[in-house]
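Everything on this sheet refers to the single structure shown next.
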Amino acid sequence: ESNENHTFETDLYNLIYEIIVADHEITEQEINLASELIEFYFKIPIQSNKEKLNKLSDHQHFNIDLSQISFRLKTSLSYEQRMDVILICWQVLMVDGKEDQLEVSSARKISTLLGLEDKDFILIRNRVKDSL
């Protein structure tokens with residue numbers, strides 16, 4: 001069972017869930033969008049994504065070890081894929097049209113832990129904001 005906590009999918013859900021929960025408001029809109037994007041970028045079925053993310057919100061999942069999770073994802077993903085993770089974070093963060101500071105600082109922390117350069121973080125942010 002404890003092994004299950006360290007699958008690629010679980011790490012990805014935990015990371016993205018940090019953005020969803022950052023402003024202490026978990027909306028269906030955020031979960032639905034995150035689930036769609038995870039399917040799009042990582043080819044994991046949307047239903048499975050929704051179930052897992054909803055399960056995290058049911059368990060009031062807090063204070064996970066972001067550095068461990070990020071380290072595992074950093075070693076298993078290419079730089080491009082890590083950029084995709086941050087892209088998902090930004091799209092989820094901006095789903096309500098607001099740049100919430102708690103969400104932004106979570107996204108920045110995750111980006112740093114995933115080893116992304118600051119210029120790429122800003123590039124992704126601008127790309128998402130321009131598409132709104």
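The ring-ring contact (aromatic ring centres under 6.0 Å, His included) search around Phe40 returns none, not counting sequence neighbours. Residues satisfying the salt bridge (Lys or Arg N to Asp or Glu O under 4.0 Å) criterion with Arg108, sequence neighbours excluded, are Asp118.
In this structure the side chain of Lys74 never reaches within 4.5 angstrom of the side chain of Leu113, judged on heavy atoms. Residues Tyr79 and Glu117 meet the side-chain proximity criterion, which asks for heavy atoms closer than 4.5 Å. Between Glu18 and Leu66 there is a side-chain heavy-atom pair separated by less than 4.5 Å. Counting only heavy atoms from C-beta outward, the side chains of Arg72 and Ile69 approach each other to under 4.5 Å. Taking 4.5 Å as the limit, some side-chain heavy atom of Thr27 sits within range of a side-chain heavy atom of Glu30.
Ile44 and Ser48 make their closest contact through CG2-OG, 4.2 Å (heavy atoms, listed as atom of the first residue, atom of the second, distance). Considering all non-hydrogen atoms of both residues, Arg82 and Leu116 come closest at CB-CD1, 3.6 Å. For Ile20 against Asp23, the heavy-atom pair with the smallest separation is O-OD1, 3.4 Å. Between Pro45 and Glu39 the shortest heavy-atom distance is CA-OE2, 3.8 Å.
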- Message: Let's go through Leu12 and Ile16 carefully: what are the C-alpha distance in whole Å and the side-chain angles of both, what is the deciding distance for side chain to side chain contact (heavy atoms under 4.5 Å, CB included) to 0.1 Å, and is it a yes or a no?
- Response: CA-CA 6 Å; Leu12 190 61; Ile16 289 165; 4.0 Å; yes
- Message: Before you tell me yes or no, could you show the steps for Leu53 and Ser57 under side chain to side chain contact (heavy atoms under 4.5 Å, CB included), namely the whole-Å CA-CA distance, both residues' side-chain angles and the distance that decides it to 0.1 Å?
- Response: CA-CA 6 Å; Leu53 289 169; Ser57 79; over 6 Å; no
- Message: Evaluate Val104 against Gln101 for side chain to side chain contact (heavy atoms under 4.5 Å, CB included), listing each step before the verdict.
- Response: CA-CA 5 Å; Val104 172; Gln101 281 317 302; 4.3 Å; yes
- Message: Working note: Arg125 + Glu99, criterion salt bridge (charged side-chain N to carboxylate O under 4.0 Å, His left out); need CA distance, chi angles, decisive distance, verdict.
- Response: CA-CA 10 Å; Arg125 168 185 178 261; Glu99 213 175 322; 2.9 Å; yes
- Take Ile26 and Leu56 through the test side chain to side chain contact (heavy atoms under 4.5 Å, CB included) and record every step on the way to the result. CA-CA 11 Å; Ile26 300 159; Leu56 287 175; over 6 Å; no
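One finds the CG atom of Asn54 at 7.5 Å from the CD atom of Glu28 (value rounded to the nearest 0.5 Å). Once rounded to the nearest 0.5 Å, the distance linking CG of Leu37 with CZ of Phe42 reads 10.5 Å. Note that NZ of Lys52 and CD1 of Ile38 are 11.0 Å apart. Values are rounded to the nearest 0.5 Å. Between atom CD1 of residue Ile46 and atom CD of residue Glu36 there is a gap of 4.5 Å, rounded to the nearest 0.5 Å. One distance of note links CG of Leu114 with CG of Asp120; it measures 12.0 Å at 0.5 Å rounding.
Phe8 and Tyr13 fall within a single hydrophobic cluster, where Ile, Leu, Val, Met, Phe, Trp and Tyr are joined by side-chain heavy atoms under 4.5 Å apart, directly or via other members.
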Extract all donor-acceptor atom pairs below 3.5 Å that involve side chains of residues 83-96 and protein atoms in other chains or at least two apart in sequence.
unit_1, atom_1, unit_2, atom_2, d
Asp96, OD1, Lys98, N, 3.1

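The environment of Phe71 atom CZ is sparse: at most 12 non-hydrogen atoms of other residues, nucleotides or ligands sit within 6.0 angstrom.
Of the possible donor and acceptor atoms, one in the side chain of Asn14 sits under 3.5 Å from a partner among the backbone N and O of Thr10. Side chain of Gln81 to backbone of Ser78: a donor-acceptor contact under 3.5 angstrom is found.
With hydrogens and angles left out, the side-chain atoms of Ser70 and Ser67 include no donor and acceptor closer than 3.5 Å.
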